[in-house]
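Right, one structure below, let's go through it.
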Amino acid sequence: MGIRIIDSPVIETDRLVLRVPRVEDFERFAGMFADESTHHIGGPLPRGDAWRRFLQMPGAWLLQGFGMFSVIEKSTGSWVGQAGPWRPDGWPGNEIGYAFHPDARGKGYATETCAAAIDWAFANLGWSEVIHCIAPANTASQDVARRLGSTRRGPATLPPPLDVHEVDVWGQSRAQWDARRTAR
């Protein structure tokens, strides 16, 4: 039986449920990080390294009160990815990060999930802006950032040992987000 974080949020979109990660999410998480397509976010990873990476989000929820949500497809109950607020020590800002299993890509889940996560972060964390740290070659993630209304702000350096990876910061202010949401 896993430990549950008291008052952990659950967010529902039309097709997805966002909730705090659970141990039963690990198999699909490990499958995602076994795929070569995760090279932009530090993968692929052997199973043991994937387990240690998986533990970051429940730890962030427990210690910081936020972290990326597990994203569950309503129609199947399957874990399809993770997305949400993320702020490791030394990070260049308050990030809404995202990563999706290869079989869940191309369905609009990243945009749908991140929009809900941005709404939640602005409403619950008091953030004044959100960023996305994206590898310059990761055009799919750049497209998600654009659909969310974020723009490229320029290069950034992540804290060691991640400082060897080139990233650009994409982002927007809460006022920009609110203006886009109101215009719809």
Side-chain angles (χ1 to χ4, degrees), residues 2-5 7-45 47 50-62 64-88 91 94-125 127 130-135 138-150 170-172 177 181:
I3 296 173
R4 299 227 186 253
I5 299 172
D7 296 329
S8 59
V10 175
I11 300 169
E12 291 195 34
T13 68
D14 289 342
R15 303 178 295 162
L16 306 166
V17 175
L18 288 67
R19 60 156 172 76
V20 173
R22 298 179 187 159
V23 70
E24 59 264 27
D25 302 337
F26 175 66
E27 289 303 322
R28 295 267 302 159
F29 180 92
M32 177 180 74
F33 268 100
D35 191 83
E36 178 60 37
S37 65
T38 60
H39 69 276
H40 290 303
I41 55 172
L45 298 174
R47 186 175 175 85
W51 174 249
R52 287 182 285 283
R53 172 79 63 90
F54 177 77
L55 293 176
Q56 289 178 335
M57 289 310 148
W61 276 103
L62 187 62
Q64 293 178 299
F66 65 89
M68 287 193 213
F69 294 94
S70 279
V71 182
I72 310 301
E73 189 177 53
K74 283 182 179 179
S75 64
T76 64
S78 182
W79 184 95
V80 294
Q82 65 178 18
W86 173 237
R87 178 69 192 249
W91 220 244
N94 295 317
E95 181 164 19
I96 296 293
Y98 42 94
F100 284 82
H101 195 280
D103 65 15
R105 295 183 191 144
K107 298 179 180 182
Y109 287 169
T111 304
E112 183 177 335
T113 302
C114 288
I118 290 169
D119 282 341
W120 185 85
F122 283 147
N124 293 280
L125 301 178
W127 290 1
V130 295
I131 66 164
H132 320 285
C133 296
I134 303 173
N138 191 346
T139 57
S141 284
Q142 292 168 16
D143 290 343
V144 171
R146 279 188 197 94
R147 283 192 295 276
L148 293 167
S150 292
W170 291 67
Q172 63 186 296
W177 177 254
R181 298 297 263 180

| field | Stepwise side-chain contact (heavy atoms from CB on, under 4.5 Å) check, Val10 with Val17 | value | CA-CA 7 Å; Val10 175; Val17 175; 3.8 Å; yes
| Just by distance, do the side chain of Glu112 and the backbone of Thr13 share a donor-acceptor pair under 3.5 Å? | no
| request: List for me each residue that meets side chain to side chain donor-acceptor pair (under 3.5 Å) alongside Thr113, sequence neighbours excluded, and say none if there are none. | output: none
| request: Apply ring pair (Phe, Tyr, Trp, His ring centres under 6.0 Å) to Trp127 and list each qualifying residue two or more places apart in sequence or on a separate chain. | output: Phe66
| query | Parallel, tilted or perpendicular: which fits the ring planes of Trp79 and Phe29, with parallel below 30° and perpendicular above 60°? | reply | perpendicular
| Looking only at heavy atoms, what is the nearest atom pair of Cys114 and Leu148, with distance? | CB-CD1, 3.5 Å
| Looking only at heavy atoms, what is the nearest atom pair of Pro85 and Trp120, with distance? | CG-CZ3, 3.8 Å
| remark: Residues at least two apart in sequence or cross-chain that pass side chain to side chain contact (heavy atoms under 4.5 Å, CB included) with Arg47, listed by chain then number, are Phe26, Glu27, Ala30
| task | Measure the spacing between CZ of Arg53 and CD of Gln82 and express it to the nearest 0.5 Å. | result | 8.5 Å
| said: Taking the side chain as everything from C-beta on, heavy atoms only, tell me whether Ile131 gets closer than 4.5 Å to Asn94. | reply: no
| task | Check whether any side-chain heavy atom of Trp61 lies under 4.5 Å from a side-chain heavy atom of Pro9, and answer yes or no. | result | yes
| task | Could you tell me the separation between the CZ atom of Phe122 and the CZ atom of Arg181, rounded to the nearest 0.5 Å? | result | 10.5 Å
| task | Inspect the contact between Arg22 and Asp25 and indicate whether a charged nitrogen and a carboxylate oxygen are less than 4.0 angstrom apart. | result | no
| task | Please round to the nearest 0.5 Å and tell me the distance separating atom CG of Leu16 and atom OG of Ser70. | result | 12.0 Å
| task | Output yes when a side-chain donor or acceptor of His132 lies under 3.5 Å from a complementary backbone atom of Trp170, and no otherwise. | result | no
| query | Looking only at heavy atoms, what is the nearest atom pair of Met32 and Arg105, with distance? | reply | CG-NH2, 4.4 Å
| field | side chain to side chain donor-acceptor pair (under 3.5 Å) partners of Thr76, counting only residues at least two apart | value | Glu73
| Minimum heavy-atom distance Pro58-Phe54, with the two atoms named | CD-O, 3.1 Å
| note | Residues Gly84 and Phe69: closest non-hydrogen pair is CA-CD1, 4.3 Å
| message | Measuring from atom CG of Asp143 to atom CG of Asn138, what distance do you get when rounded to the nearest 0.5 angstrom? | response | 9.0 Å
| task | Kindly state each residue pair satisfying salt bridge (charged side-chain N to carboxylate O under 4.0 Å, His left out) with at least one member in residues 94-103, sequence neighbours excluded. | result | Arg28-Asp103
| remark: All heavy atoms of Ser141 vs all of Tyr98, minimum pair found to be O-OH, 2.9 Å
| request: Identify, with sequence neighbours excluded, every residue that meets side chain to side chain donor-acceptor pair (under 3.5 Å) alongside Glu12. | output: Lys74
| task | Verify the distance criterion only: is there a donor paired with an acceptor across the side chains of Asp119 and Trp177 at less than 3.5 Å? | result | yes
| task | Determine, stepwise, if the pair Val71 / Tyr109 fulfils side-chain contact (heavy atoms from CB on, under 4.5 Å). | result | CA-CA 9 Å; Val71 182; Tyr109 287 169; 5.5 Å; no
